[in-house]
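Okay, so here's the structure we're looking at.
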Amino acid sequence: MSDADWSALSNTAIAVAGGLYFLALVAHLVEWSALAGRRQHETATTEAAEGGGVAVATGPADDLGSGSDREERVARFARIGLAVTVLALVAHLVALVARGLAADPNRVPWGNMYEFTMAGTFVVAAGYVGLYRRFRLAWMAPLVVGLVVTLLMVAVIWLYNPVGPLSDSLNSPWLVIHVVSAVLATGAFTLGGILSATYLVKMRRPVGPIMSRVPELAALDRTAYRIHAFAFPVWTFAVLITGPIWAHQAWSSYWNWDPKEVWAFITWVVYAAYLHARSTAGWKGRNAALLALVGMATLWFNFIGINYFSTTSQHSYADAAAVVERP
Amino acid sequence: MTQTPDARTERTDRRAGELTPRELLRWAWRQLTSMRTALILLLLLALAAVPGSVIPQENLDSLETSRWREAHPTLAPIYDRLGLFDVYGSVWFAAVYILLMVSLIGCILPRTWVYLRAIRAEPPRAPRNLERLPDHASYDTDLGGEAVLTRARAVLRERGYRVRAAADGDDAVSAERGYLREVGNLLFHLSVVVVLVGFAMGGLFGYKGGMIVVVGTPVANTPNSYDDLVPGTLFQAEDMDPFVFTVDDFDVEWIEDGPGIGTSRGFASHLTYRERDGEEKEYRLRVNHPLKVGSTELFLIGHGYAPVITVRDGEGNIAYSGPTIFLPQGPDLLSFGVVKAPDARPEQIGLDGLFFPTFVMTPDGDLTNVPGRPRNPLLSMSVYRGDLDMDAADSTSQSVYVLDTSKATKVEGEDGKDLRLDLSPGETAELPDGLGSVTFERVVDWNRIQISQTPGKRIALAGVVLALVGLLGSLFIRPRRVWVRAVAGGGGTLVTVAALDRTGGGDVTTVIEELVEALAEEEKT
């Protein structure tokens, strides 16, 4: 296959993956609506007052058939959703690999913002599927899949770049080590952020058709912490060890206070605060979860936003000639 | 504070709720070293770092900073006073991280003492009612109590628990593990201080600077050779490693077709260098592959073109000659540059304009540049005569990249329009009115070389690596206590296993299940 073929394959595969993620999202929304219908039906009298706040529109409860029918419907669509997500993940992987093979010389598929986003969303989706059983993540399916679809759309619509060779400064073994760890941590922080966001929602609205399916507050907090506790050392490795080593090789100084570095540092500090907050009276629970969300906001702002806010960043790889500096 | 007598006399006549200085100090110290303060300082540090990523920073991009200053004449002096053009060197930024460090040390030192006492301590006795612990399990066995406990001790030791020494009359085993978690925690926080020390060493004793080096021109590593130099506070010029180097040759690997056409795959400088009294050595300098000379490192970070231009004045004398550095305006390396010939007679001559590496005339008659390998170089300059204002103290007129035309006049051609000299290599253009002539001899490359000395970088690296090791320990070592009690009753022995996760977040039910299983398995064999 020629490079152009690989490139076309990658584009097709990412479109297929996007379509499949979307189908999975639909399946999970059907699942949720059936779920909401069931709960409404069963608890119509007791929860009538609290039944609001359901994000999914449902038909009249009576149309959905008997309780066991609905039960089955919920389970069936959950299975369908997961199966389609796994298929989408395979297409996503094909897109990544083909993207790497399309470049001449072949390279890792994270040389520009489009590819970073593609790889980052892959980690989110793969992490979700991988941890699905262990942390019983069935309840977060529509959130994860919805986020992945959205980010992939952003990538394809606004960030797309034709595949090209690496700019010289990226041409280093550290591209693999530094970016893999950064993308891995980004994916994990994002999963953790979804959990913390759910924690805050559940805190405000502990009952309701959907919320009653979400794990207990304590369990949410614990799972969020475990994912963050995994991501934080990986992030430390990415931005405070491999980043400076590479920066020193390429730019002569291991810490330049480059906007990307500054924001990576801010993210690090905020997550450090999150870890401390979890064990501090008056901060654990709600405030800690808020900190996790602030951390995720700084993370994604840094990942995508800073390239558009700052023209001086040495990390602005949207621009291939970033290495040509003005004296 | 040693003024205890004073404090005592004060105590008698002070009002209720009033603190002695000593108490006030202690209170302040407690506040500073509390976790709450540390948290707030952490968030302040994050917040304080933000402006530096939005406002151009003097040390990072002085050009952008001066442009910003010109564009915001009212804000600039205020920002200057607030140190916003040098956030990371400002007093208030330093205040935040120094307070954070003090808070950290104040938090860590007492904890170290507590830990050193605790590390030798035995696991505590079993609570009277293990059933009251949230996680416990019981089972019946035919074995005697003492046998169960002996086995429990063996099983727990095997799993890395520290087991409380057996004493007469014990009906339970106490065990604990995960002592290293606190070590990890302490290591992490102390390492942060180490990193800061390494970082400070680089900032104080190191320097970084850059220079534009024309291919073929030897350069000595002295402060005068640098175009910009950011020395550390305590750096002295004699600390610079003495060496000379020359970029003998420079090549760019252009991408000739396919995606990315017109950009470069990579570039390399063929460099010869010599340390004082040393022999000449060669090095192929590339991006990501710096050259180390002594404790100094050289980095190739950019390149551009320097047309060799000769200006002859009206009297036929050479008023200017040499490679002239043109600055790239964009990724296609279309470059801007100026020539100043203040010694030209009868009038000073100035040139400014563009260098096109590959010049093409569009059908509309515009000049454009095609990115990539230089195939059709063209110099297109405007000419000025008169006073170039080279004596003014104003710094902008002294920059070699800016031509001050405020007192000069633009030279007009025969048609009355502004004169433009469009020259290919080897061509010479005569200037009107006997001003002289301009020759574009050829093009040479220039390299932008970044040079730095970074003492303490290994200390900083070691610090971060240790911090990561400590972090992993403090996050993933799970300290917990386990108790196994065996009580005779009902013809057999009732065994109760209970566990307590000391971090409060762990799930110990599987630990208990595994322990019960292990104890039961031992019974079968």
Side-chain angles (χ1 to χ4, degrees), chain A residues 3 7 104 162-165 167-169 171-172 174 221-222 225-226 229 232-233 236-237 240-241 244-246 248-259 262-263 265-266 269-270 272-273 275-280 282-283 291 298 306 309-312 319-321 323-327, chain B residues 35-36 38-39 42-43 45-46 49-50 52-54 56-57 60-61 63-64 88 199 208 210 212 227-228 255 258-260 263-267 286-290 297 299 301-304 327-328 330-331 333 448 450-452 454 457 460-461 464-465 467-468 471-472 475-476 504-505 507:
Chain A
D3 286 347
S7 172
D104 176 36
V163 65
S167 69
D168 209 19
S169 58
N171 203 348
S172 160
W174 292 106
D221 179 55
R222 192 162 60 220
Y225 168 73
R226 286 167 84 170
F232 187 70
T236 307
F237 179 71
L240 298 181
I241 295 183
I245 291 177
W246 191 11
H248 181 257
Q249 278 190 6
W251 301 327
S252 86
S253 157
Y254 61 82
W255 193 264
N256 298 290
W257 293 110
D258 175 89
V262 171
W263 280 90
F265 174 69
I266 290 173
V269 168
V270 172
L275 292 179
H276 284 95
R278 264 193 97 261
S279 57
T280 306
W283 282 78
L291 278 178
T298 64
I306 199 73
F309 272 84
S310 167
T311 50
T312 53
D319 178 9
V323 76
V324 180
E325 282 208 347
R326 282 169 194 212
Chain B
M35 187 71 112
R36 196 177 299 259
L39 263 173
L42 266 176
L43 294 177
L45 182 66
V50 173
S53 73
V54 188
Q57 297 293 292
L60 305 177
D61 195 343
L63 194 70
E64 185 67 31
Y88 309 108
F199 195 73
K208 66 176 174 180
I212 287 184
D227 294 320
D228 56 275
I255 298 170
T263 60
S264 66
R265 201 184 295 282
F267 41 90
R286 284 172 295 152
V287 173
N288 276 317
H289 298 272
E297 284 167 299
F299 304 80
I301 61 169
H303 65 101
L327 302 179
L333 292 178
R448 168 119 175 118
Q450 192 88 21
I451 302 181
S452 65
T454 323
K457 66 180 177 204
L461 180 64
V464 201
V465 171
L468 184 63
L471 185 64
L472 290 173
L475 287 175
F476 298 117
D507 192 0

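Remember, it's a predicted structure, so these values are computed and weren't measured experimentally. Note on naming: letters A, B, ... go to the chains in the order of the sequence lines (proteins, then strands), and numbering restarts at 1 for each one.
Of the atoms belonging to B:F476, it is side-chain heavy atoms, and not backbone ones, that fall under 4.5 Å from chain A. If you measure heavy-atom distances from B:A467 to chain A, you find no contacts under 4.5 Å at all. With a 4.5 Å cut-off on non-hydrogen atoms, A:W257 touches chain B through its backbone and its side chain both. Of the two parts of A:W174, neither the backbone nor the side chain holds a non-hydrogen atom closer than 4.5 Å to a non-hydrogen atom of chain B.
Note: A:F265 CZ to B:S53 OG = 12.5 Å, rounded to the nearest 0.5 Å. Annotation: the span from A:D258 atom CG to B:Q57 atom CD amounts to 11.5 Å, rounded to 0.5 Å.
Using a 4.5 Å heavy-atom threshold, the side chains of B:Q450 and A:W251 count as separate. In this structure, the side chains of A:I245 and B:L461 come closer than 4.5 Å at one or more pairs of heavy atoms. Side-chain contact between A:N256 and B:K208 is present, with heavy atoms from C-beta onward closer than 4.5 Å. Residues A:F237 and B:V464 fail the side-chain proximity criterion, which asks for heavy atoms closer than 4.5 Å. Residues B:L468 and A:P233 meet the side-chain proximity criterion, which asks for heavy atoms closer than 4.5 Å.
Closest approach of B:F299 and A:Q249 over heavy atoms only: CD2-O, 3.3 Å. In terms of heavy-atom proximity, B:T454 sits nearest to A:S252 at OG1-O, 4.5 Å.
Ranked by non-hydrogen atom pairs under 4.5 Å with chain A, the options B:L471, B:L39, B:L475 are led by B:L39. Interface check for chain B: of the options A:P244, A:A250, A:S7, the most heavy-atom pairs under 4.5 Å are formed by A:A250. Contact tally against chain A (heavy-atom pairs below 4.5 Å) for B:L43, B:N288, B:L42: the top residue is B:N288.
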B:V50 and A:I266: CA distance, side-chain angles, deciding distance, side-chain contact (heavy atoms from CB on, under 4.5 Å) verdict = CA-CA 8 Å; B:V50 173; A:I266 290 173; 3.6 Å; yes

